[in-house]
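What's counted below: heavy atoms across the whole structure, side chains too, no hydrogens, waters or symmetry copies. Proteins get letters first, then strands, A, B, ... in listed order; numbering begins at 1 in each.
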Amino acid sequence: MSEVSGKKVLVVEDDPDAAETLQIVLEDEGYSVSRAASAEEGLQKARAEKPDVVLLDIMMPSGTEGFHFVWELRKDADEECRNIPIIVLTAIHDKTWVRFYPQKDDPVYQPSEYLPVQGFLDKPASSEQIVSKVEEVLAEAGTASPEEKGSES
Amino acid sequence: MASAVHTNVDLDELRDRISWLARLRWLAILGVLVAIWVAPRMFGVELHRFPLYVVVAALVGYNLAFWAVGRWVPRATSGPSVSYFANLQIALDLVALTALLHFSGGIENPLVCYYVFHIVIASILLSRTAAYLQVTLAIGLLVAMALLEAGGVLPHYHLAGFLDEHVFRNPVYMFGTLFAIGTMLCFAAFMATTITSRLRRREAEIVRLSDALREHTEDLTQAYEALRQLEGARSDYLHRVAHHIRSPLATLERMLAVVSEGRTGRLPERAEEMLDRARVRVREVLDLARDLLILSRTREALPMVDRSTVDFASIARDVESDFRPQAGSASVSLAVSLPEGPVEIVGDEDALRELLENLVSNALKYTLAGGEVRVSVEARGDTLALCVSDTGIGIPTAEQDQIFEEFYRATNARESGKDGTGLGLSIVKAIAEIHGGEVSFESQEDTGTSFRVLLHRRGLRAPATP
């Protein structure tokens with residue numbers, strides 16, 4: 001538990017029940033969690049708090065606000081913000097055949113057409129799935145840039 | 001002259017035929033020149049060539065003139081004047097033929113029967129009335145020439161070398177020839193106009209039918225387009241409804257999970273148990289919404305279906321590793337036999353995975369501990385044969401006809417206490433069908449079930465496009 005203590009997770013989710021559930025699970029695992037109910041609020045908090053990872057809901061009230069969040073964060077002026085890993089939580093991925101991922105042998109594959117995010121989770125994801133996805137993404141981000149501020153605190 | 005009302009189609013056709021007539025006239029001019037050259041040289045017939053050349057020159061002149069008019073004066077070749085133009089040309093041709101005959105023996109010339117060509121052409125080109133008027137003109141010109149030559153008003157140019165004696169004044173010969181030619185022209189006009197008018201009626205009928213057909217086609221295209229839009233709207237609606245159902249349910253399930261996992265504090269044992277059961281019920285509805293969405297997408301929204309060449313063997317390996325833990329915890333052995341190398345099929349990767357997952361998941365679900373589930377994939381020419389067999393509870397014989405019905409679950413499946421939406425096999429069937437395939441099975445209660453799916457390796461139905 002100690003190795004994750006102090007790691008900050010930003011949950012961008014408009015549904016307060018879903019957000020609270022995520023907060024309970026992640027805090028139970030030792031993360032410090034802050035919440036945002038819209039893409040705009042999420043961007044503000046991401047810039048202010050520089051979380052280690054963002055859990056993002058794609059379908060927020062104004063359509064696909066989640067996509068907006070991803071693009072805005074990825075072109076942020078601050079490099080640290082641009083590199084914050086994002087895990088997308090959605091009920092419309094995979095099994096409903098709406099694609100965010102390219103097909104492996106897609107002849108018109110354009111990397112730029114797909115979301116620059118580090119992970120997907122289908123709703124409903126179990127507590128274990130959520131925790132292990134967050135760990136996995138953090139571990140990848142850790143190997144990419146070993147000096148993380150989590151180790152300082 | 002011609003009082004027949006022409007439609008645009010008739011006018012176009014008449015224009016075509018007039019240019020055909022002009023080409024025929026060049027051929028006739030060539031024929032006359034050849035005859036003028038050949039007759040004296042090969043048969044010793046004496047011809048008065050100069051007047052014949054004059055007539056030929058006139059023919060060349062007016063054929064060129066008609067060509068120029070047709071080309072430079074569009075009014076002459078459009079609208080009602082087209083038929084006057086045609087009438088004029090044929091009348092001039094008759095005069096030219098009469099002149100040629102006059103300068104080459106009059107009615108003693110056997111080519112006097114050539115009037116018949118003009119009459120057949122007139123009958124094809126013109127209205128019935130106009131054709132008979134041309135017959136009258138032809139007979140009139142012929143009779144006038146014969147009488148004027150016989151009466152000495154016009155000179156007679158004898159065809160020396162062809163006929164020895166003069167018969168043009170012999171009344172019996174004259175009458176016989178005129179009668180023969182006259183009746184021939186009348187019959188020719190009658191037969192040709194009859195056949196032509198029949199053809200025209202049929203042509204008009206075809207035009208009418210094709211117009212009607214075009215209208216129907218337009219109606220159908222519109223109806224299809226409307227239907228397609230409706231279908232699109234329906235599919236979109238269903239998609240949004242499914243999302244709106246799944247979203248709160250997913251949150252509900254997560255909230256129940258967090259509580260039952262004890263993350264909000266310890267629960268009384270009974271409360272925990274009730275919560276777990278509540279989660280199971282929520283999952284049922286989530287699965288149902290998911291299955292309905294997949295089923296409807298597969299059946300109706302074909303444009304959503306991806307079309308690429310995929311390796312079914314690699315799908316099977318993925319599915320095998322996904323289900324390996326579940327098989328292990330149920331103590332069921334899972335055996336997958338694949339051919340060496342890839343098994344390529346043109347299809348939708350997600351749909352094919354869904355198909356196999358459904359069959360394997362069913363087989364594992366209804367096979368008791370110690371049993372066995374076997375998956376085999378074979379490629380034979382254009383066919384991909386997939387077989388998923390188990391040693392499970394089987395399907396009661398009496399219910400085997402119904403298992404592909406939506407929401408139907410066999411009695412023993414329901415009694416087994418396992419969850420199921422009753423849509424899995426419907427999805428399997430729908431996915432097999434869009435891949436040009438079919439699903440069959442053999443089953444014996446308490447012994448096992450074997451599902452066989454035959455897919456066409458290039459049979460993926462193309463997306464519906466207008």
- Message: Check this for me: does any side-chain nitrogen of one of Arg254(B) and Glu20(A) sit under 4.0 Å from a carboxylate oxygen of the other?
- Response: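 Judged by the 4.0 Å cut-off on N to carboxylate O distance, Arg254(B) and Glu20(A) do not form a salt bridge.
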
- Is the CD atom of Glu438(B) crowded by more than 12 outside heavy atoms at less than 6.0 Å?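 No, because the 6.0 Å sphere around CD of Glu438(B) holds 12 heavy atoms or fewer from other groups.
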
- Message: Can you confirm whether more than 12 heavy atoms, excluding those of Glu72(A), are under 6.0 Å from its CD atom?
- Response: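 Atom CD in Glu72(A) is crowded, with more than 12 foreign heavy atoms closer than 6.0 Å.
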
- Message: Non-hydrogen contacts under 4.5 angstrom with chain A: give the residues of residues 275-288 of chain B involved, or none if there are none.
- Response: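 Listed by number: Leu286(B).
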
- Item | Separation of Ser126(A) OG from Glu253(B) CD (nearest 0.5 Å) | 8.5 Å

- Value rounded to 0.5 Å, distance of CE in Met255(B) from OG1 in Thr21(A): 5.0 Å

- Task: Let me know if Leu22(A) has heavy atoms under 4.5 Å from chain B in its side chain, its backbone, both or neither.
- Result: neither

- Partners of Asp17(A) by side chain to side chain donor-acceptor pair (under 3.5 Å), sequence neighbours excluded? none

